[in-house]
Amino acid sequence: MLKIGVIGCGFIGGQICRAIDKGVINAELYALSDSSKNKVLELTSSLKRYSPASMTIEELLKNVDFVIESASQKAVRLIVPQALEAGRDVMVMSVGALADEELRERLFRLAEQNNCKLYFPSGAVAGIDGINSASAAEISSVTLTTRKPPMGLAGAPQVEALGIKLETIEKETLLFEGPASEAVKAFPANVNVAATISLAGIGFERTKVRVIADPTLSKNVHEITVEGEFGKLSTRVENLPSPENPKTSYLAALSAISTLKKILSPVQIGT
Ligand SMILES: NC(=O)C1=CN([C@@H]2O[C@H](COP(=O)(O)OP(=O)(O)OC[C@H]3O[C@@H](n4cnc5c(N)ncnc54)[C@H](OP(=O)(O)O)[C@@H]3O)[C@@H](O)[C@H]2O)C=CC1
Ligand SMILES: O=C([O-])CC(=O)C(=O)O
């Protein structure tokens, strides 16, 4: 059975571990790692079937077959090259780190050289399947518009750079408009989806992103519009935010769980 190691035991990591523990994913939950040991202990004590070991990153990479990064963009830079060099397949949630061209090319090269797979789940958006299909021909434009309740954007470098007090926002306010390459740096914990869309479609410079704080919302709303030789595609998802981490939508965790199920299944549905 595939031995899984999870790095980052917050909302998404926790949901993945519970899905493995319940048998929704047919794999062995072997090891956990987090910058906070307490998070590992809390998560382990909530599990019934598995009792994964708490490991350092180095120990975890030696002992598992499959690594899940559900931590941060910084963690991707530190961990994913090592994981690929150790010959491990990796699922990456903090996809925004791949806006760095040097890192992106290095990761793709390491995956090829070491015969490993890198997986990027669709996350909190719908339509990655359609963008993948459309990219087999010419795509002329891709736009992501993300709307979140103001406090779901707390801590973002762009909010700090603008000097905006999120709790005082009274109407829909545009906080960012620009390429995905800048969006993922301005909002590293809010628009990783922009990176996944860029990888599937026309890259980080041509993918346009708008981030809006909307005090009338209780959901995280992502809208994608794509135009190309295939025609036009529009998707809109109204996501329930995680109660533990309002920046993250529940669907992002479900997409990670579904990706793992797909990897382990003999039947593959969708592009
Ligand atoms: N692809 C997508 O569609 C989506 C991606 N995301 C991204 O996925 C990641 C996980 O999201 P979520 O579970 O909600 O986040 P959480 O903040 O709930 O959990 C992340 C956990 O990882 C820990 N962590 C951070 N850096 C490291 C590191 N270098 N080594 C070990 N542990 C680390 C954090 O610790 P501490 O709190 O101490 O930093 C925290 O416990 C985030 O980067 C998020 O932005 C989220 C939603 C959608
Ligand atoms: O969960 C979401 O709504 C999207 C998100 O935070 C991200 O892409 O980083």
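Indexing begins at 1, ligand by ligand and atom by atom, following the structure's order.
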Hey, are Glu205 and Ser181 close enough side-chain-wise for a donor-acceptor pair under 3.5 Å?
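Present: a donor and an acceptor within the cut-off.
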
Under a 4.5 Å cut-off applied to non-hydrogen side-chain atoms, are [X] and [Y] in contact?
{"X": "Thr44", "Y": "Ser51", "value": "yes"}
{"X": "Val221", "Y": "Arg236", "value": "yes"}
{"X": "Leu47", "Y": "Arg18", "value": "yes"}
{"X": "Glu177", "Y": "Val209", "value": "no"}

Before signing off on this row, confirm whether Asn245 and ligand 1 have an N or O atom pair separated by under 3.5 Å.
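By distance alone, the answer is yes.
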
Before signing off on this row, confirm whether Asn192 and ligand 1 have an N or O atom pair separated by under 3.5 Å.
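N/O-N/O distance below 3.5 Å exists for this pair.
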
Leu60 reachable from Leu84 in the ILVMFWY side-chain graph, under 4.5 Å edges:
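Yes.
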
Cluster question for you: counting only ILVMFWY and a side-chain heavy-atom cut-off of under 4.5 Å, with indirect links fine, are Phe120 and Ile257 together?
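Looking at the clustering, Ile257 is in a separate group from Phe120.
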
When you measure from [atom] to every protein heavy atom, which one gives the shortest distance, and what is it?
{"atom": "atom 46 (C) of ligand 1", "result": "Thr248 OG1, 3.4 Å"}
{"atom": "atom 19 (O) of ligand 1", "result": "Gly10 CA, 3.2 Å"}
{"atom": "atom 21 (C) of ligand 1", "result": "Asp34 OD2, 3.5 Å"}

Out of [options], whose heavy atom is nearest to [atom]?
{"atom": "atom 29 (N) of ligand 1", "options": "Gly13, Ala71, Ala75, Ser36", "result": "Ala75"}
{"atom": "atom 10 (C) of ligand 1", "options": "Ser255, Ser70, Ala256", "result": "Ser70"}
{"atom": "atom 31 (C) of ligand 1", "options": "Gly8, Gly14, Ser35", "result": "Ser35"}
{"atom": "atom 5 (C) of ligand 1", "options": "Glu69, Met93, Lys39, Glu244", "result": "Met93"}

Residue [X] vicinity, atoms of ligand 1 by number, heavy atom under 4.0 Å:
{"X": "Pro188", "answer": "45 (O)"}
{"X": "Val193", "answer": "3 (O)"}
{"X": "Gly123", "answer": "2 (C), 3 (O)"}
{"X": "Ala189", "answer": "45 (O)"}
{"X": "Ala124", "answer": "3 (O)"}
{"X": "Ser94", "answer": "8 (O), 9 (C), 42 (C), 43 (O)"}

Of the backbone atoms (N, CA, C, O) and the side-chain heavy atoms from C-beta on, which set of Ile12 has a member under 4.0 Å from an atom of ligand 1: side chain, backbone, both, or neither?
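For Ile12, backbone and side-chain atoms both sit under 4.0 Å from ligand 1.
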
Write 'none' if nothing qualifies; otherwise put on separate lines each N/O atom of ligand 2 with a protein N/O atom under 3.5 Å away and their distance to 0.1 Å.
| residue | atom | partner | partner atom | Å |
| --- | --- | --- | --- | --- |
| ligand 2 | 1 (O) | Ser249 | N | 2.7 |
| ligand 2 | 1 (O) | Ser249 | OG | 3.2 |
| ligand 2 | 3 (O) | Lys148 | NZ | 3.4 |
| ligand 2 | 3 (O) | His222 | NE2 | 2.7 |
| ligand 2 | 3 (O) | Ser249 | OG | 2.5 |
| ligand 2 | 6 (O) | Lys148 | NZ | 3.0 |
| ligand 2 | 6 (O) | Ala189 | O | 3.3 |
| ligand 2 | 6 (O) | Asn190 | O | 3.4 |
| ligand 2 | 6 (O) | Lys247 | O | 3.0 |
| ligand 2 | 8 (O) | Asn190 | O | 3.4 |
| ligand 2 | 8 (O) | Asn192 | N | 2.9 |
| ligand 2 | 8 (O) | Val193 | N | 2.9 |
| ligand 2 | 9 (O) | Val191 | N | 3.4 |
| ligand 2 | 9 (O) | Asn192 | N | 3.0 |
| ligand 2 | 9 (O) | Asn192 | ND2 | 2.9 |

Ala86 backbone acceptor or donor facing Asn114 side chain under 3.5 Å:
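Checked: no pair found.
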
Roughly how far apart are Arg104 CZ and Glu101 CD, rounded to 0.5 Å?
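Reported value, rounded in 0.5 Å steps: 5.0 Å.
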
Please list every donor-acceptor pair under 3.5 Å in which a side-chain atom of residues 64-83 meets a protein atom from a residue at least two apart or in another chain.
| residue | atom | partner | partner atom | Å |
| --- | --- | --- | --- | --- |
| Asp65 | OD2 | Lys3 | N | 2.7 |
| Glu69 | OE1 | Met93 | N | 2.9 |
| Glu69 | OE1 | Ser94 | N | 2.8 |
| Glu69 | OE1 | Ser94 | OG | 3.4 |
| Glu69 | OE2 | Ala71 | N | 2.7 |
| Glu69 | OE2 | Ser72 | N | 3.1 |
| Glu69 | OE2 | Ser94 | OG | 2.7 |
| Ser70 | OG | Ile7 | O | 3.4 |
| Ser70 | OG | Gly8 | O | 2.8 |
| Ser72 | OG | Ala75 | N | 3.2 |
| Gln73 | NE2 | Val184 | O | 3.3 |
| Gln73 | NE2 | Pro188 | O | 3.1 |
| Gln73 | NE2 | Asn192 | OD1 | 3.4 |
| Gln82 | NE2 | Leu78 | O | 3.0 |

